[in-house]
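Notes follow once the structure below has been shown.
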2 protein chains.
Amino acid sequence: MTAHVHNHAALTKNQALVFGELSKAEGPLSAYTILDQLRSEGFRAPLQVYRALDKLVEFGMVHRLESLNAFVACSHKDCEAHSAAAFAICEKCGQVTELSDAKLDDRLRELAEATGFALTKSVVELRGICADCKAA
Amino acid sequence: MTAHVHNHAALTKNQALVFGELSKAEGPLSAYTILDQLRSEGFRAPLQVYRALDKLVEFGMVHRLESLNAFVACSHKDCEAHSAAAFAICEKCGQVTELSDAKLDDRLRELAEATGFALTKSVVELRGICADCKAA
DNA sequence: TACGCAATGTTATCTTATAACATGACAGCA
DNA sequence: TGCTGTCATGTTATAAGATAACATTGCGTA
């Protein structure tokens, strides 16, 4: 499991456990799903998961999907390299694809600037059917 | 209060009540806030609100803000006129501005097409500080 | 050792959303 | 008139997501 390399301070035990679950998952996981999967590791309360997730999101290693109330591991080697992320979420199979697009980011920045809005974060989530499911 | 004109079948009583609350609100409201405001009208359960909201969203008269778990009345006269909507959400005052931008929509469509993704809906929510709050 | 700080653990509670089932209102038609 | 289908409503209970408040532990450093 060396898909992710991050130059942050070493993760704490709980952060590492939560990140591990997200990394080996096919798609997004809810906080409570993670909790259940980590009960065997001694997890007992939602807060143990939420606290770890908060940090991981802060580090940029995990993204929160607002329209799903769920979380995914970042698909980039070094998550600091990309600014904003967009996601394509398949409503059939649940698969999530992370997209990075400079033109999109530029346009969002322009829109914000045009109205004097100081952008801190952008949420872009495309809902639909992925190519695989469409073919099937 | 004639800010909104819609060519849909007349709203039912509950739909009209919920839409009324959203229309006169300054910003987005949560389903439970709406419920509390409509208790005087006889509302007793969340489902009464959620059912009305589902229809209003379907009609395009109300938008759901995924990153807030809240709802706003559409700011356009005829909500069918615009395809996708983007929102700028001020994290200081809570104000929400609805944006319609063809270039943004085009770019999102291009991104979807490039990966064979069949787009049904796009969620775009900009988080930051609005011009007014920045000035203050 | 003693202090400070960050991570952790624990209990309770709050907020958001839906399932399941019962009732009411009304239109169309035999 | 009485039947039937359908849509809106009402009601109770519960699921799912998130946080508040407070206690405890582990560890580096003065």
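Residue numbering restarts at 1 for every chain, and letters A, B, ... go by the order of the sequence lines.
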Any side-chain N or O of N69(A) under 4.0 Å from OP1/OP2 of dA18(D)?
-> yes
D54(B) CG to dT16(C) C1', in whole Å, measures 13 Å
Whole-Å distance, L47(B) CG to dT23(C) P, equals 17 Å
On DNA chain C, more 5' by nearest nucleotide between P46(A) and K55(A) is K55(A)
Notebook entry, point to check: Between V57(A) and L22(A), is there a shared hydrophobic cluster once you connect ILVMFWY residues whose side-chain heavy atoms come closer than 4.5 Å?
Noted result: yes
I'd like to know if the side chain of E66(A) pairs up with that of S67(B) as donor and acceptor (distance under 3.5 Å, no hydrogens or angles considered).
no
Is the phosphate of dT11(D) approached by R44(B) (side-chain N or O, under 4.0 Å from OP1 or OP2)?
yes
Between L111(B) and T115(B) the two heavy atoms that sit nearest each other are O-OG1, 3.4 Å
From NZ of K13(B) across to C1' of dC7(D) the rounded distance in Å is 16 Å
| said: Looking at K103(A) and D106(A), is there a salt bridge between them, counting it only when a charged N and a carboxylate O are closer than 4.0 Å? | reply: no
Q) Does any donor-acceptor pair link the side chain of Y32(A) with the base of dA15(D) at a separation under 3.5 Å? A) no
Rounded to whole Å, the CZ-C1' distance (F71(B) to dA17(C)) equals 9 Å
Notebook entry, point to check: Just to confirm, is there a sub-4.0 Å distance from OP1 or OP2 of dT9(D) to any side-chain nitrogen or oxygen of T12(B)?
Noted result: yes
As a quick check of understanding, evaluate ring-ring contact (aromatic ring centres under 6.0 Å, His included) for F87(B) and H63(B), giving each step before the final call.
CA-CA 10 Å; F87(B) 303 90; H63(B) 298 291; 5.2 Å; yes
Exercise. Does Q48(B) have a side-chain nitrogen or oxygen under 4.0 Å from the phosphate oxygens OP1 or OP2 of dG10(D)?
Worked result: yes
Of the candidates dT10(C), dG9(C), dA20(C), the side chain of R51(B) sits closest to dA20(C)
note: L35(B), atom CG; dT9(D), atom C1'; distance rounded to Å ~ 14 Å
Separation of dA7(C) atom C1' from F43(A) atom CZ, nearest Å, is 11 Å
Contacts of Y50(A) and N14(B) projected onto DNA chain D by closest heavy atom; the upstream (5') one is N14(B)
L11(A) CG to dA6(C) P, in whole Å, measures 17 Å
note: R39(B), atom CZ; dT11(D), atom P; distance rounded to Å ~ 12 Å
| field | N or O in side chain of R64(A) less than 4.0 angstrom from dA18(D) OP1/OP2 | value | yes
